Amino acid sequence: QVQLVESGGGLVQAGGSLRLSCTASGRTVSRNAMAWFRQAPGKEREFVAAVSLVSITTRYANSVKGRFTISRDNAKNTVYLQMNSLKPEDTAVYYCAADRSVFLSTVPGEYDYWGQGTQVTVSS
């Protein structure tokens with residue numbers, strides 16, 4: 001089993017920055033791929049970014065490329081999402097996810113483990 005706990009959400013003005021953290025516990029092999037998804041009210045959960053176990057490979061949604069950076073510190077069992085130049089449309093609950101696959105999927109259903117989510121609100 002893998003447990004994921006997110007932190008770092010909050011309220012920020014447009015153009016500002018936030019860093020989300022996701023601390024994992026449990027089987028390392030079950031979290032080869034770590035990802036961030038988000039879900040705004042009334043919308044489906046959407047892929048934001050993913051990173052492989054050894055941080056060699058990353059993948060981003062087009063909507064966040066150049067603004068968000070995903071990274072992981074395996075010694076601390078933590079994955080980060082640095083969010084810069086935030087926009088009101090980035091407002092959502094952000095979820096951390098883990099999967100044993102080495103393929104960085106963008107499909108929520110292909111991730112085995114999820115955190116409880118952290119709210120990010122960007123005011124205009």
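It should be emphasised that the depicted structure is a prediction, and the values quoted were computed from it without experimental measurement.
Val107 belongs to no hydrophobic cluster, as no Ile, Leu, Val, Met, Phe, Trp or Tyr side chain comes under 4.5 Å of its own. Tyr80 belongs to no hydrophobic cluster, as no Ile, Leu, Val, Met, Phe, Trp or Tyr side chain comes under 4.5 Å of its own.
The closest donor-acceptor contact from the side chain of Arg67 to the backbone of Ser85 lies under 3.5 Å. At distances below 3.5 Å, not a single donor-acceptor pair connects side-chain atoms of Thr121 with backbone N or O atoms of Leu11. Formation of a donor-acceptor pair under 3.5 Å by the Tyr60 side chain with backbone atoms of Ile70 is found in this model. Checking side-chain atoms of Ser52 against main-chain N and O of Thr57 turns up a donor-acceptor pair under 3.5 Å. A donor-acceptor pair under 3.5 Å is absent between the side-chain atoms of Ser101 and the main chain of Asp99, judged by distance alone. The backbone N or O of Gly117 lies less than 3.5 Å from a partner atom in the side chain of Glu6, making a donor-acceptor pair.
Interatomic distance, OG of Ser17 versus CE of Met83, reported as 8.5 Å (0.5 Å rounding). Here the straight-line distance linking atom OH of Tyr113 with atom CG of Leu4 works out to 9.5 Å at 0.5 Å rounding. Taken to the nearest 0.5 Å, the CZ atom of Arg38 stands 4.5 Å off from the CD atom of Glu46. Annotation: the span from Leu86 atom CG to Thr91 atom OG1 amounts to 8.5 Å, rounded to 0.5 Å.
Residues Val79 and Cys96 have side chains in contact (heavy-atom distance under 4.5 Å, counting atoms from C-beta outward). Proximity of Gln116 to Tyr95: side-chain heavy atoms (C-beta onward) are nowhere separated by under 4.5 Å.
Looking at residues two or more places apart in sequence or on another chain, you find a side chain to side chain contact (heavy atoms under 4.5 Å, CB included) between Ala50 and Ala35, Phe47, Leu104, Tyr111.
In this model, a donor atom of one side chain and an acceptor atom of the other lie less than 3.5 Å apart for Gln3 and Ser25.
For Trp114 and Phe37, the gap between ring centers is short of 6.0 Å.
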